[in-house]
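Worksheet: the structure to be examined is printed underneath.
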Amino acid sequence: MNFSVLTSQFWSLAFQGLALGLIYSLVSLGYTMVYGVLRLINFANSEVFMVGTFSVLYLQVYILRIPIGDPALHGIKLIAYLALSLIGSMIVCALLAIVVELVAYRRLRARGANRLASLISAIGVSIALLEGFSMITGARGKIAPRLLDKWSFGEVAGANFRIDQVMAIVMPIIIFFLLDQFVTKSRLGKSIRAVSMSEENSKLMGIDINRVITLTFCIGGLTTGAAAFLYTTVYENTVFNVGFNMGIAAFTAAVLGGIGNLRGAFYGGLALGMLEQFASAVLGSQWKSITVFVVLVVILLVKPNGLFGEAVQQTRT
């Protein structure tokens, strides 16, 4: 164990952990939104993220025709291509999330199936997507083209403020702010909160439950798609099982903050990302994934409602 790295590289590790943690936060919002309404964990969300990373790569290589290894773009062309990649990833992930809801949840819910059946169905969709992309890609990793030149704004206290990591910090904060405002102030957001509190009372108030649930999956898909775009832009690669570790980390972040709590998912992702970076620096990168599992187990044992508690305290019958 090398504790001296904490003093020599503290701010650099903190900045990297902040960028990684905010990507976790975006994916964990997908888990949190669905859990808040259905009281179910959408385990297919990790594969929605994986499909999002491949959609970014496919869009850039085969539609925008950006060859692997070409120099980074600049100016208006760079902004346009980044925007198209972001929008494309969000749309693909949102549509896939809606399909997951229709296939894995709605039909079972209409037939009055218990939650275990829905959970198994979601896991089945996750495995199908995972194995499907494993066969399509030959289980090999793919390299994404470099759109963005990784230049730096400068160094402060040893922390290198690289453009892609700054973008991975600023964009999730903006998305979280907009989502928080939407859920708390818009009419559709209030419908989501009403269904999360009581589905039966929401029906009596004339709220279309299926519409709200579909909207919830769509929002989760949009945030996961944004995370997939940022991940591909920062790390410039993907593989068929990239969603596994990301899904575990994002789920841990949601549990850490208090699953069902939007702000808890945001801060849980931040805390987990920074803890993961510090643990990797001290213990070695091979302990990175183990850190996530340890945090998950400790939280479930010590404070299962998370640091901020669940947003909805009522227990459904």
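- Residues Phe177 and Leu230 share a single hydrophobic cluster, defined by chaining ILVMFWY side chains whose heavy atoms lie under 4.5 Å apart.
- Remark: Met90 CE to Thr224 OG1 distance equals 9.5 Å, nearest 0.5 Å.
- Here CG of Leu222 is found 10.0 Å from CE of Met33. Values are rounded to the nearest 0.5 Å.
- Glu276 and Thr291 form no side-chain donor-acceptor contact under 3.5 Å, judged by distance and modelled atom types alone.
- When all heavy atoms are compared, the tightest approach of Cys93 to Gly225 is SG-CA, 3.5 Å.
- Side-chain atoms of Ile192 and Phe182, non-hydrogen and from C-beta on, do get closer than 4.5 Å to each other.
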Report task. Verify side-chain contact (heavy atoms from CB on, under 4.5 Å) between Thr233 and Leu147, making sure each step is shown before the conclusion. Result -> CA-CA 8 Å; Thr233 302; Leu147 269 68; over 6 Å; no

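- Note: Arg146 CZ to Gln60 CD = 12.5 Å, rounded to the nearest 0.5 Å.
- Hydrophobic clustering (ILVMFWY, side-chain heavy atoms < 4.5 Å, transitive): Ile213 and Ile207 are in one cluster.
- Annotation: side chain of Val61 is not in contact with side chain of Lys142 (no heavy-atom distance under 4.5 Å).
- Under the side-chain contact (heavy atoms from CB on, under 4.5 Å) test applied with Tyr24, the options Leu26, Val27, Leu20 reduce to a single match, Leu20.
- Using modelled atom types, one side-chain atom of Thr214 and one backbone atom of Asn210 make a donor-acceptor pair closer than 3.5 Å.
- At a threshold of 4.5 Å between side-chain heavy atoms, the hydrophobic network of Ile, Leu, Val, Met, Phe, Trp and Tyr places Val37 and Met205 in two separate groups.
- Other residues, nucleotides and ligands contribute more than 12 heavy atoms inside 6.0 Å of the NZ atom of Lys150.
- Leu82 places a side-chain heavy atom less than 4.5 Å from the side chain of Phe229.
- Minimum heavy-atom separation, Met274 to Leu18: CG-N, 3.9 Å.
- Ring pair Tyr58/Phe54: centre-to-centre distance not below 6.0 Å.
- Counting non-hydrogen atoms of neighbouring residues, nucleotides and ligands closer than 6.0 angstrom, the OH atom of Tyr267 reaches no more than 12 such neighbours.
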For the pair Leu96 and Leu129, evaluate side-chain contact (heavy atoms from CB on, under 4.5 Å) and give the outcome as yes or no after the intermediate values. CA-CA 10 Å; Leu96 181 57; Leu129 289 171; 4.2 Å; yes

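- The local environment of CD1 in Ile63 is crowded, with over 12 non-hydrogen atoms from other residues, nucleotides or ligands closer than 6.0 Å.
- In this structure, Gly36 and Ser196 approach most closely via the heavy-atom pair O-CB, 2.8 Å.
- The hydrophobic clustering, which links ILVMFWY residues whose side-chain heavy atoms are closer than 4.5 Å, places Leu148 and Ile87 apart.
- Looking at Ser25, its side chain does come within 3.5 Å of a backbone N or O of Phe266 through a donor-acceptor pair.
- In this pair, Tyr231 and Phe49 present their aromatic rings perpendicular. The plane angle is above 60°, beyond the 30 to 60° band.
- Between Arg263 and Phe176, some side-chain heavy-atom pair lies under the 4.5 Å cut-off.
- Shown here for Leu272 and Ala249, the closest heavy-atom pair between the two residues is CD2-O, 3.1 Å.
- At distances below 3.5 Å, at least one donor-acceptor pair connects side-chain atoms of Ser85 with backbone N or O atoms of Tyr81.
- Under the side-chain contact (heavy atoms from CB on, under 4.5 Å) rule, Ser202 has a single partner from Val212, Asp208, Val195, which is Val195.
- The OG atom of Ser280 sits 10.5 Å away from atom CD1 of Ile290, with the distance rounded to the nearest 0.5 Å.
- Val51 and Met135 sit in two unconnected hydrophobic clusters of ILVMFWY residues. Membership requires side-chain heavy atoms under 4.5 Å apart, directly or through other members.
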Notebook entry, point to check: Stepwise, does the side-chain contact (heavy atoms from CB on, under 4.5 Å) test hold for Ile136 with Phe240?
Noted result: CA-CA 9 Å; Ile136 292 171; Phe240 76 98; over 6 Å; no

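- The distance from atom OG of Ser55 to atom CE of Met50, rounded to the nearest 0.5 Å, is 10.5 Å.
- Within the 4.5 Å cutoff, the side chain of Ile259 has heavy atoms near those of the Phe251 side chain.
- Summarising the geometry of Gly247 relative to Ser46, their closest heavy-atom pair is CA-CB, 3.7 Å, with the distance given to 0.1 Å.
- For Ile76, the CD1 atom sits in a loose shell: 12 or fewer heavy atoms of surrounding residues, nucleotides or ligands are nearer than 6.0 Å.
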*Would you check, one step at a time, whether the test side-chain contact (heavy atoms from CB on, under 4.5 Å) holds for Glu47 with Val100?*
CA-CA 11 Å; Glu47 270 51 62; Val100 170; over 6 Å; no

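- For the pair Val34 and Asn45, the minimum side-chain heavy-atom distance is 4.5 Å or more.
- To the nearest 0.5 Å, atom CG of residue Leu178 and atom CD1 of residue Ile219 are 11.5 Å apart.
- Using a 4.5 Å heavy-atom cutoff, the side chains of Asn42 and Phe217 are in contact.
- Side-chain contact between Tyr31 and Thr252: absent, with no pair of heavy atoms (C-beta onward) separated by less than 4.5 Å.
- The pair Glu101-Arg109 counts as a salt bridge, with a side-chain nitrogen and a carboxylate oxygen less than 4.0 angstrom apart.
- In this structure, Ala226 and Ile175 approach most closely via the heavy-atom pair CB-CD1, 3.6 Å.
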